[in-house]
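These notes are about the structure you will find just below.
Each chain gets a letter, A, B and so on, in the order the sequences are listed, and its residues count up from 1.
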Number of protein chains: 2
Amino acid sequence: MSGSPRGKAPQMAIRRLSMYYRTLAALREQGVESISSEHLSALTGSTAAQVRRDLAYFGSFGRRGVGYEVHSLQTHVQKILGIGEGWPMALIGVGNLGSALLAYDGFPRQGFRIVEAFDSDPRRVGTVIRDVVVKPMDQIKETIQARHIVMALLAVPAKAAQGVTEQLVAAGVRCLLNFAPVTLKVPPHVHLASVDLSIEVEYLSYVLRESVAEGQAAEGACSDVPRALSG
Amino acid sequence: MSGSPRGKAPQMAIRRLSMYYRTLAALREQGVESISSEHLSALTGSTAAQVRRDLAYFGSFGRRGVGYEVHSLQTHVQKILGIGEGWPMALIGVGNLGSALLAYDGFPRQGFRIVEAFDSDPRRVGTVIRDVVVKPMDQIKETIQARHIVMALLAVPAKAAQGVTEQLVAAGVRCLLNFAPVTLKVPPHVHLASVDLSIEVEYLSYVLRESVAEGQAAEGACSDVPRALSG
DNA sequence: GGGAGCTTGTGATATGTTTCACGTGGCAAT
DNA sequence: ATTGCCACGTGAAACATATCACAAGCTCCC
């Protein structure tokens with residue numbers, strides 16, 4: 001019954017599943033065949049109960065008294081997350097950050113690939129990075145529709161972000177990962193996640209200031225940042 | 001009484017304050033002098049009650065019947081977040097991502113500056129990017145201590161991350177923003193936040209899969225990703 | 001000065017998430 | 001077989017966060 005959620009999983013649970021997945025992959029490479037919720041939680045900075053609960057949202061994958069079989073659990077988590085569907089991705093904006101995203105080997109390793117890249121700068125159009133040819137912006141719609149791309153990475157300047165978003169939505173994109181420091185408006189059927197460096201740095205600035213202000217040593221400042229999946 | 005929190009603010013509240021801050025800065029550039037919680041919430045993808053509550057954790061900055069004075073509120077939020085303390089930052093790892101971080105203009109704009117960069121690759125050591133000279137790894141400790149750097153951005157390969165982290169902690173760093181896809185272990189007095197691209201993409205993959213599976217049109221798929229500060 | 005209309009700040013409430021604690025099932029060894 | 005131990009799965013409790021709804025306070029206008 002691995003496909004039937006009992007109740008719906010919190011977003012944070014999904015994010016933790018990603019971490020479990022990565023850890024399981026590493027364990028498998030090391031030849032580890034079985035693991036307990038206790039051990040897995042130690043490796044991912046979670047708690048044993050949390051690991052069990054997170055998995056329980058989707059089914060029952062372990063054996064009482066024994067633990068989880070690494071390979072089987074990895075496969076289940078992979079299915080849950082939709083890794084391996086091999087969703088092709090488009091990248092918009094091939095500046096410093098965009099280039100870094102193209103080169104990021106974490107994506108292909110997890111089964112995601114940037115198959116198209118776009119930029120508005122004529123000097124970048126036509127260049128080839130990591131086997132991907134940079135195309136001009138006016139080819140977004142036809143390319144995305146032709147290749148049935150549903151996920152896009154948005155690495156354009158803040159000012160251009162909303163306009164590009166609308167083009168992408170019009171082209172049929174269903175998921176957006178935004179790197180621009182702006183609040184994007186998208187229709188309800190489009191899913192949006194954002195990586196906002198300023199927010200992360202300012203959050204650290206806040207906790208730093210707070211811990212300095214409150215005598216620092218006192219009340220063992222928690223080093224965990226739940227939302228940011230510390231670690 | 002702007003400095004006295006009544007109860008402690010949730011992490012998410014802090015992250016939203018970052019968004020309010022950015023929005024207020026933009027409003028000020030546009031010459032807007034006053035704003036209501038209703039309007040501010042619309043601009044940041046929050047709700048009016050949430051805006052008021054988030055601010056109320058730190059004081060009472062508005063005027064009933066009127067709203068908030070943009071400049072004054074921006075100043076207060078800036079103080080709360082510790083922006084303007086001008087914490088100098090160190091960057092470890094000047095690969096694709098590291099270079100992008102050096103070039104990211106969102107940091108200086110918000111008052112954060114990368115003042116030192118390090119890399120283990122001899123070919124990169126000595127190069128200058130954005131006025132920052134790349135130094136070898138063995139100078140981490142002395143440099144960080146000499147310049148009293150408390151925040152570091154970690155853009156090294158996953159395998160090197162834990163080792164470098166320990167060097168940084170030993171050097172006295174208090175805050176780490178980690179970009180490597182690993183679970184870092186840090187002592188309790190060190191604050192840690194992570195940006196993990198695989199987690200973001202896999203989360204989108206999950207919600208996409210979910211929305212496709214559940215008939216997609218049904219029950220207006222929520223496009224908001226609280227943790228990721230959608231938009 | 002007084003009333004109308006607006007928006008904040010905040011108790012109370014509802015919702016969501018994590019943690020606890022233990023029943024259940026499974027393995028190993030005697 | 002029986003005993004002892006282990007670790008999962010899960011209802012219930014505790015905790016955290018978000019939402020509601022309204023009293024308090026301000027401004028403007030008459």
Q) Ignoring hydrogens and angles, does a donor from either the side chain of A:R53 or the base of C:dT19 sit under 3.5 Å from an acceptor on the other? A)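 Answer is yes: a donor-acceptor pair is held.
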
Side chain of [X] (C-beta onward), nearest among [options]:
{"X": "B:R63", "options": "D:dT27, D:dA7, D:dT19", "answer": "D:dT27"}
{"X": "A:S36", "options": "D:dA7, D:dA18, C:dT18", "answer": "D:dA7"}
{"X": "B:R52", "options": "D:dA21, C:dT19, D:dA18", "answer": "D:dA21"}
{"X": "B:R64", "options": "D:dG25, D:dG9, C:dT18", "answer": "D:dG25"}

For atom [atom1] of [X] and atom [atom2] of [N], their distance in whole Å:
{"X": "B:F61", "N": "D:dC26", "atom1": "CZ", "atom2": "P", "answer": "17 Å"}
{"X": "B:Q50", "N": "C:dT13", "atom1": "CD", "atom2": "C1'", "answer": "16 Å"}
{"X": "B:M12", "N": "D:dT19", "atom1": "CE", "atom2": "P", "answer": "11 Å"}
{"X": "B:I14", "N": "D:dT17", "atom1": "CD1", "atom2": "P", "answer": "11 Å"}

Q.
One thing to verify: whether B:E166 and B:K185 come together as a salt bridge, which I'm taking to mean a side-chain N less than 4.0 angstrom from a carboxylate O.
A.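 Salt bridge absent between B:K185 and B:E166.
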
Q | Ion pair check, A:D196 and B:R22, cut-off under 4.0 Å | A |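 Salt bridge between A:D196 and B:R22, a charged N being under 4.0 Å from a carboxylate O: yes.
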
Q.
Go through it in stages, so that I can follow the logic: the residues are A:L101 and B:L197, the test is side-chain contact (heavy atoms from CB on, under 4.5 Å), and I'd like the CA-CA distance, side-chain angles, deciding distance and then a yes or no.
A. CA-CA 9 Å; A:L101 292 174; B:L197 301 183; 3.5 Å; yes

Using only side-chain N and O atoms of [X], determine if any of them is under 4.0 Å from OP1 or OP2 of [N].
{"X": "B:S37", "N": "C:dT7", "value": "no"}
{"X": "A:Q11", "N": "C:dT17", "value": "yes"}
{"X": "B:Y68", "N": "C:dG9", "value": "yes"}

(Q) Return whichever of A:A49 or B:G67 has its heavy-atom-nearest nucleotide of DNA chain C closer to the 5' end. (A) B:G67

(Q) Please check this pair: side chain of A:R113 against backbone of A:G86, looking for a donor-acceptor N/O pair closer than 3.5 Å. (A)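 Side chain of A:R113 to backbone of A:G86, a donor-acceptor pair under 3.5 Å: no, none is there.
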
